Every structure is written in structure tokens, then in C-alpha cells.
Amino acid sequence: MLSKQPFARRIVIAFTLMTLVVSGIFSLGIVGIVHSIERHLVSEELNREMNLVLHDVARELPPRLDSSTRFFATTSSESRIPELFSETPPGFAEVVDGQDAFYVYTRETRDQRYLLVQEQHEFEAREQALFDVVLAGFLLSVAGAWLLGRLMARKVMAPVTRLAQQVQHRDQLHPVAPPLAAEYSDDEIGHLASAFDSALGELQLSLERERLFTSDVSHELRTPLMIVATSCELLEAVSLPPRERDLVARIGRAAEEMGDLVQTFLTLVRMRPEEVSLDGEASLASVAAEQGERWGAPMRDKGLQFEFLEEGNDEACYNRTFLRTVMSNLLRNALHYTDSGTVRLVLQKGGFRVEDTGLGIPLDQQDRIFEPFVRGERARGEGLGLGLSLVRRVCAHQGWTISISDLLPRGSCFLVVLDHAP
């Protein structure tokens with residue numbers, strides 16, 4: 001459809017179609033007018049020749065005719081009217097006999113009938129030459145309209161393309177970036193640039209408020225988390241009964257996990273993928289071993305079998321915080337939604353899988369399960385439905401992909417493919 005074509009192409013199509021219609025009507029008009037004038041002129045010429053011929057016949061002189069014109073009459077035994085022209089009406093007419101065409105002029109006086117017949121070869125040659133010129137002009141005008149449309153489209157679209165590139169440029173969100181409207185005339189493009197300036201200004205304010213908020217949250221959360229972590233370290237240094245020592249270790253792991261979440265949220269909000277620091281990188285195997293130890297114990301306490309498998313060797317390094325957040329959330333999700341059976345953490349080259357024999361996710365909910373505040377029909381745990389949403393945000397931020405599939409006879413499989421240079 002024309003409405004789905006690029007704007008520049010629509011301009012070219014509009015120019016070409018307009019010229020096609022106008023030139024077509026003009027060319028057909030020329031052909032029609034020429035044909036009408038031709039009939040009129042030939043009729044007038046044959047009428048004059050008929051007067052001269054009848055004048056010669058009345059004086060008993062041979063008719064004065066050119067080589068392409070013949071005279072027929074009912075009174076002449078030598079020039080009897082051929083059967084082909086016997087039914088022509090009085091006046092001018094055209095008669096076609098196969099590939100031959102003739103102009104016929106008929107005059108009737110009393111009981112007599114006279115005809116002048118002229119071959120059309122000369123006129124046809126002139127008509128064909130005229131038609132060729134008209135056709136060439138028509139084609140040239142369409143081609144010219146196409147070229148002109150391209151030039152006009154390029155000229156018209158130049159400021160629009162420039163504005164689009166400026167809006168897409170990331171530096172345009174910088175607080176000191178100059179306004180766009182100042183570079184354009186006071187026309188529709190200028191008004192569009194002013195609208196972008198207004199929208200970008202609101203976006204800058206929103207981003208600045210978000211940066212301030214995350215900075216405050218970072219400061220306010222990291223301080224108590226540091227106190228909790230330090231207190232856990234001090235408690236682990238003293239002699240405690242096994243039950244209390246397990247509780248202290250659990251508190252320490254929760255504080256460490258919360259610290260990772262705070263760092264993940266701050267990085268997602270304040271940094272671009274290419275700006276992420278490389279100081280916190282780790283291998284897939286090291287993070288998986290850490291998370292396997294972290295979540296293996298609560299799974300076994302619940303009566304589940306936890307398996308840690310390596311199907312492929314991946315020597316690449318990834319952002320430690322992001323990888324821990326993704327893997328931890330998927331293992332926690334498997335713990336909450338698996339009542340019996342097995343949970344597997346399977347490493348492969350370029351990614352990993354988390355498989356469980358739990359409740360599974362219906363096919364019609366597998367796309368929505370990654371949306372914020374969306375939980376399964378049989379929700380477990382005290383979460384708000386943000387874990388898988390955070391996992392998808394982290395994957396999108398890092399260029400990773402996550403997908404979900406069903407396991408038979410029941411259960412789910414979350415596959416994370418990590419993007420890294422081989």
C-alpha cells in the first residue's frame with residue numbers, strides 16, 4: 001500500500017502518477033484533435049477536387065487528378081463504381097479493405113453518383129510520425145517527472161532526515177545539548193523540532209530526577225547493608241550454636257543478594273552496555289558454582305534434588321553482578337514453583353539452562369510472564385512478580401536472550417544465551 005511506503009518514495013510516486021495522468025490526457029487529446037482536423041482538411045480538399053473534376057466532366061475533359069486519387073461515376077463506363085464503394089453515404093467517409101484504407105468523397109446529383117477515392121498511405125505515414133513524437137514526449141515526460149520527483153524528495157526530506165538523526169543521537173539528551181529548533185526555519189519542520197525540544201526537555205528532567213533518586217537509594221540502602229554484612233562477619237567469628245550460625249549465614253547471603261540487586265538496578269538506570277565496568281567480570285562456571293552452592297541447600301531442605309551439570313566449556317567472561325542476578329532469580333523461581341522432583345542448572349557454551357519439574361507455565365502465559373507484576377496462576381513465595389521482569393531487563397541491557405519452553409511430562413526450561421566474542 002502507498003501509505004506504508006517511505007515518505008520520499010511516496011513523493012516520487014506522486015510526481016510520476018500526476019505526470020502520467022496529465023501527460024496521458026494531453027497526448028490522447030493531441031491524437032484526437034489531429035485526427036479530427038485531418039478528417040476536416042481531407043474532406044475540404046476532396047470537396048474542392050470534386051468540384052474541379054465535375055467541371056472538367058461537364059466540359060468533356062479528362063479529370064485532373066494526382067496519382068493517388070481515382071474518380072468513379074455511374075455515367076462512365078470506364079470508371080464504374082467498384083462494389084467496395086457502392087454503399088458509401090454522401091460526403092466524406094473512410095473505407096478499410098484488409099490492410100488497405102481509403103478516403104472516399106461521394107456526391108450525388110439527381111440520378112448520378114460520383115466518387116473520389118484517395119489512398120491513405122501518405123496520411124498514415126504522417127499520422128504514425130506524429131504518434132511516435134507524442135509517444136516519445138509522453139515517455140520523456142514520465143521519466144522527467146520521476147527524476148524531478150527524486151530530486152524534490154531528496155530536497156524535501158533532507159531537513160527531516162537531519163532532524164531524525166539529531167533526535168536519535170544520544171548526546172541530544174545531554175543537559176548542555178543545544179536546542180534543535182534554532183537550526184530550522186519557521187515552518188512545519190521547525191515546529192516539529194520545537195516539539196522534539198519540548199519532549200526531550202521533559203525527558204531530561206525525568207532522567208535527572210531518576211538519577212537523583214537512584215543516587216539517594218544507593219546511599220540509603222548501601223549503608224544499612226554494609227552494617228548487616230559487617231555484623232554477620234563479626235557473628236561468624238564468635239562461637240555460636242549450629243542453628244544460630246546457619247541463621248547468620250542466611251542473613252549474610254540475603255544481604256549479599258540485596259547488594260547485588262541494588263547494584264543491578266543502579267547500573268541499569270545509569271549506565272549503557274558499553275559503559276559497564278570490566279572490573280567485575282567473572283566466568284560462567286565460577287558464578288554458576290557460587291549460585292549452585294547458594295541455592296542447593298534450600299532446595300535440598302525442601303526435599304528437591306539439585307543437579308549442577310556442565311555440557312560445554314565456556315571460557316568467556318561476563319559482568320559478575322548481572323550474571324549473578326539473572327541466575328539467582330531463575331533458581332529462586334524454580335525453588336518456589338517446584339514441589340517435588342529435580343532442579344537442574346546446566347551450563348553450555350555461550351549460555352546456561354535452568355530446568356525444573358515444577359508446575360510449568362501455560363503456553364498462553366509464557367510471553368506475559370516476563371512483564372512486571374505478572375505472576376503465575378498459582379503464585380508462590382512473597383514476591384511481587386518482578387524477578388523475571390528484572391531478568392529480561394538485564395538480558396536486554398547486556399545483549400543476552402532468554403526464552404522459555406515446556407519440559408515433558410511437566411516442568412519448565414529457561415534458556416539464557418549470553419552474547420560474547422568467541
Side-chain angles (χ1 to χ4, degrees), residues 241-258 260-261 284-312 314 323-349 351-392 394-395 400-418:
R243 187 168 184 271
E244 282 77 5
R245 184 173 293 277
D246 290 341
L247 291 175
V248 171
R250 184 176 180 182
I251 294 172
R253 289 194 297 268
E256 183 180 2
E257 185 178 347
M258 184 175 290
D260 287 343
L261 286 175
L284 176 61
S286 63
V287 174
E290 173 190 306
Q291 293 301 311
E293 183 180 353
R294 162 74 177 84
W295 292 100
M299 289 181 183
R300 285 186 286 269
D301 292 342
K302 190 178 178 180
L304 302 176
Q305 182 179 356
F306 177 72
E307 297 180 0
F308 178 34
L309 307 174
E310 294 189 45
E311 295 182 351
D314 191 332
L323 188 55
R324 288 169 63 178
T325 299
V326 170
M327 195 175 293
S328 176
N329 275 277
L330 293 179
L331 289 172
R332 181 193 293 109
N333 188 74
L335 172 63
H336 288 167
Y337 287 89
T338 305
D339 294 329
S340 62
T342 306
V343 175
R344 297 184 184 89
L345 175 59
V346 185
L347 305 188
Q348 58 189 49
K349 184 173 179 58
F352 65 93
R353 304 192 309 272
V354 175
E355 302 175 350
D356 63 67
T357 58
L359 302 175
I361 301 175
L363 186 62
D364 58 345
Q365 297 183 17
Q366 290 184 0
D367 291 334
R368 296 184 62 251
I369 203 67
F370 291 103
E371 297 178 5
F373 304 106
V374 174
R375 307 183 70 189
E377 293 180 353
R378 291 170 285 184
R380 302 292 181 87
E382 300 178 354
L384 298 175
L386 294 174
L388 293 181
S389 172
L390 176 61
V391 168
R392 186 170 66 173
V394 171
C395 290
W400 304 341
T401 58
I402 181 169
S403 60
I404 181 175
S405 59
D406 292 331
L407 291 180
L408 297 177
R410 65 173 187 170
S412 302
C413 173
F414 288 86
L415 171 63
V416 178
V417 177
L418 307 172

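Worth knowing before you read on, the calculation uses all heavy atoms, side chains too, and leaves out hydrogens, waters and symmetry mates. Computed from a predicted structure; not experimentally measured. For the single chain, residues carry numbers from 1 onward in sequence order.
To the nearest 0.5 Å, atoms CG (Leu330) and OG1 (Thr325) are separated by 10.5 Å. In this structure, CZ in Phe306 is found 5.5 Å from CG in Leu331, a value given to the nearest 0.5 Å. From Asp356, atom CG reaches atom OH of Tyr337 across 11.0 Å, with rounding to the nearest 0.5 Å. Between Ser328 atom OG and Glu290 atom CD the span is 9.0 Å, to the nearest 0.5 Å. For the atom pair CZ (Arg324) and CD (Gln291), the distance works out to 6.5 Å, reported to the nearest 0.5 Å. One finds the CG atom of Leu407 at 11.0 Å from the OG1 atom of Thr342 (value rounded to the nearest 0.5 Å).
Heavy-atom contacts from other residues, nucleotides or ligands closer than 6.0 Å to CD of Glu244 number more than 12.
Here the closest heavy-atom approach between residue Val416 and residue Cys395 is recorded as CG1-SG, 4.4 Å. Nearest heavy atoms, Leu284 versus Gly351: CD2-O, 3.3 Å. Counting all heavy atoms, side chain and backbone alike, Leu345 lies closest to Met327 at CD2-SD, 3.9 Å. Listed here is the closest heavy atom pair of Val343 and Ala334: CG1-CB, 3.9 Å. Between Arg410 and Ser340, the shortest heavy-atom contact is NH2-OG, 3.3 Å. Among all heavy-atom pairs drawn from Phe414 and Ile404, the shortest one is CZ-CD1, 3.5 Å.
Side-chain contact between Thr338 and Thr357 is present, with heavy atoms from C-beta onward closer than 4.5 Å. The shortest side-chain heavy-atom distance between Val394 and Asn329 does not fall under the 4.5 Å cut-off. Between Leu347 and Asp314, every side-chain heavy-atom pair lies at or beyond the 4.5 Å cut-off. For the pair Leu359/Asp339, a side-chain contact is recorded, criterion being any heavy-atom separation below 4.5 Å from C-beta on.
When Val417, Val346, Val326, Leu415 are each tested for a side chain to side chain contact (heavy atoms under 4.5 Å, CB included) with Phe352, only one passes: Val326.
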